[in-house]
Amino acid sequence: MRKLLIVDDEQSILTLLEFNLQKAGFEVSKAMDGLTAVKMAKMENFDLIVLDVMLPGMDGMEVCKTLRMEKINTPVLMLTAKDEEFDKILGLELGADDYMTKPFSPREVVARIKAILRRSQPQEKDVQDDAGEEGIMLGQLRIYPEKYEVFFGDRRLELTPKEFELLQYMAAHPGRVMTRDQLLNAVWNYDFVGDSRIVDVHISHLREKIEEDTKQPKYIKTVRGLGYKLEG
């Protein structure tokens, strides 16, 4: 059974989400503030965290940033009220995987969570067929889709689910130029269509983890005016 952590300071939201998520077959834990959420995420292995932006003490942005700094790469779905100022690019830069605005339909939340969990698991047939048991090899970069692991040389890389999915998709098409819109459609599906800055943010994060010199990358190359390609 998949384990979820719901973090919101409104008891009514917690109760609503807990009921619908348990009905959908998830095991649910709850927290009402950011500090408690961080402690729980360090103590237990959750499959996904539903995280409200506005929390007492430590807000959702800071929680997400702290988790990523602690190498906790659990997928995060951010929640924000429609009248709140929320920079989705900043949220994604800090490591969130998706976001939704309140009020929301419980069925939509369940559907979005299932979609994130599907995307966070390596299920693309073309990638797995090409990889086999040996994984995908590009220079010092080794990607194991079924194990959900990436190594650079002997060093295991700590990637967020979205970073892994982006790298995995590009590795399935080595040397092929991918436009930002292609990557948006393949990795983010319908969620963020039209906002190509999201791709740039994640490409930048990947380069920081796999390139010796991010200004002169050997693996993830920029093709001016078009997009990116992965070389080995």
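Atoms considered below: every heavy atom in the structure, side chains included; atoms not considered: hydrogens, waters and symmetry mates. We number each residue from 1, following the sequence as shown.
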Q) Cluster partners of Val177, using ILVMFWY side-chain heavy atoms under 4.5 angstrom, listed by chain and number? A) Val223, Leu226

Q: Answer yes or no: is there a donor N or O on one side and an acceptor on the other, between the side chain of Asp52 and the main chain of Leu55, under 3.5 Å?
A: no

Q) Are the side chain of Arg180 and the backbone N or O of Asp200 linked by a donor-acceptor pair below 3.5 Å? A) no

Q. Going from CG on Leu17 to CD1 on Ile113, what distance comes out if it is rounded to the nearest 0.5 angstrom?
A. 7.0 Å

Q. So, are Glu163 and Arg68 salt-bridged, with charged N and O less than 4.0 Å apart?
A. no

Q) So do the side chains of Thr74 and Leu67 get within less than 4.5 Å of each other, counting heavy atoms only? A) no

Q.
Has Asp47 got a side-chain atom pairing as donor or acceptor with Lys3's backbone, closer than 3.5 angstrom?
A. yes

(Q) For the backbone of Val76 and the side chain of Asp97, can you confirm whether one donor and one acceptor N or O come within less than 3.5 Å of each other? (A) yes

Q.
Taking transitive links into account, so neighbours of neighbours count too, which hydrophobic residues share a cluster with Met1 at under 4.5 Å side-chain distance?
A. none

Q) Is there a donor-acceptor pair closer than 3.5 Å between any side-chain N or O of Asn73 and the backbone N or O of Leu159? A) yes

(Q) Keeping Arg142 on the side-chain end and Gly153 on the backbone end, is there a donor-acceptor pair under 3.5 Å? (A) yes

Q | Heavy-atom neighbours of Lys65 NZ exceed 12 at 6.0 Å | A | no

Q. Donor-acceptor pair, Lys209 side chain versus Glu158 backbone, under 3.5 Å?
A. yes

Q. How long is the span from the CG atom in Leu21 to the NZ atom in Lys30, to the nearest 0.5 Å?
A. 11.5 Å

Q | NZ/NE/NH1/NH2 to OD/OE distance under 4.0 Å, Glu165 and Lys162 | A | yes

**Q.** Distance-minimising heavy-atom pair for Arg112 and Tyr99
**A.** NH1-O, 3.3 Å

Q.
Around atom CD of Glu208, are there more than 12 heavy atoms from other residues, nucleotides or ligands closer than 6.0 Å?
A. yes

Q: Tell me yes or no: between the side chains of Thr15 and Gln11, is some donor less than 3.5 Å from an acceptor?
A: yes

Q. CG of Asp213: more than 12 outside heavy atoms within 6.0 angstrom?
A. yes

Q.
Less than 4.0 angstrom from a charged side-chain N to a carboxylate O is my criterion; do Lys221 and Glu231 meet it?
A. yes

